[in-house]
Enquirer: 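There's a structure below that I have some questions on.
Here the structure is a predicted model, which means the values were calculated and not measured.
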Amino acid sequence: MTFHCKNYDIAADRCKKLSGACVPARKGCVLEGRMAVSDELAERIRQINEATARRSLKETAGGASKQP
């Protein structure tokens, strides 16, 4: 895969903007909606989005139980 992104940290092989793995076109990526993705990459993006949603639900549920 060849592309250039100002948010890509070559030394760490990570996205500086999203503080995680570099997966071009994922939600929050500057390339989101600007490029066509393969079925394999689309599946990886779907998995990341599901994991993020689960994490958000846990944080929301945890925060709700702390309120009086």
Side-chain angles (χ1 to χ4, degrees):
M1 175 169 38
T2 303
F3 67 97
H4 173 75
C5 178
K6 67 181 181 177
N7 298 307
Y8 180 64
D9 183 348
I10 296 170
D13 190 29
R14 297 177 56 82
C15 174
K16 293 185 281 187
K17 181 179 181 191
L18 299 175
S19 300
C22 176
V23 181
R26 74 184 248 199
K27 187 174 182 175
C29 175
V30 297
L31 299 174
E32 180 183 10
R34 294 181 165 195
M35 59 185 272
V37 296
S38 67
D39 291 340
E40 182 181 332
L41 185 55
E43 176 63 18
R44 187 168 174 204
I45 292 168
R46 185 189 64 75
Q47 291 171 352
I48 289 171
N49 290 342
E50 286 179 358
T52 301
R54 282 193 301 272
R55 216 174 12 255
S56 293
L57 286 175
K58 286 181 183 178
E59 289 173 1
T60 301
S65 64
K66 293 180 183 179
Q67 295 177 358

Enquirer: Would you name the heavy atoms of Cys15 and Ala21 that are closest together and state the gap between them?
Expert: CB-O, 4.2 Å
Enquirer: Nearest 0.5 Å please: distance from the NZ atom of Lys16 over to the CG atom of Asp9.
Expert: 5.5 Å
Enquirer: Rounded to the nearest 0.5 Å, what's the gap from CZ on Arg44 to CG on Asp39? Could you check?
Expert: 15.0 Å
Enquirer: Pro24 and Leu41: which non-hydrogen atoms are nearest, and at how many Å?
Expert: O-CD2, 3.7 Å
Enquirer: When rounded to the nearest 0.5 angstrom, what is the spacing between CG in Leu31 and CZ in Arg34?
Expert: 7.5 Å
Enquirer: In this structure, are over 12 heavy atoms from other groups packed under 6.0 Å from Glu40 atom CD?
Expert: no
Enquirer: Could you walk me through whether Arg46 and Glu50 satisfy the salt bridge (charged side-chain N to carboxylate O under 4.0 Å, His left out) test, starting with their C-alpha distance in whole Å, then the side-chain angles of each, then the deciding distance to 0.1 Å, before giving a yes or no?
Expert: CA-CA 6 Å; Arg46 185 189 64 75; Glu50 286 179 358; 2.4 Å; yes
Enquirer: Taking atom SG of Cys5 and atom NZ of Lys17, what is their separation to the nearest 0.5 Å?
Expert: 8.5 Å
Enquirer: So if you build clusters from Ile, Leu, Val, Met, Phe, Trp, Tyr with side-chain heavy-atom gaps below 4.5 Å, do Ile45 and Leu18 land together?
Expert: no
Enquirer: What about Met35 and Ile48, same hydrophobic cluster or not, with Ile/Leu/Val/Met/Phe/Trp/Tyr joined at side-chain heavy-atom distances under 4.5 Å?
Expert: yes
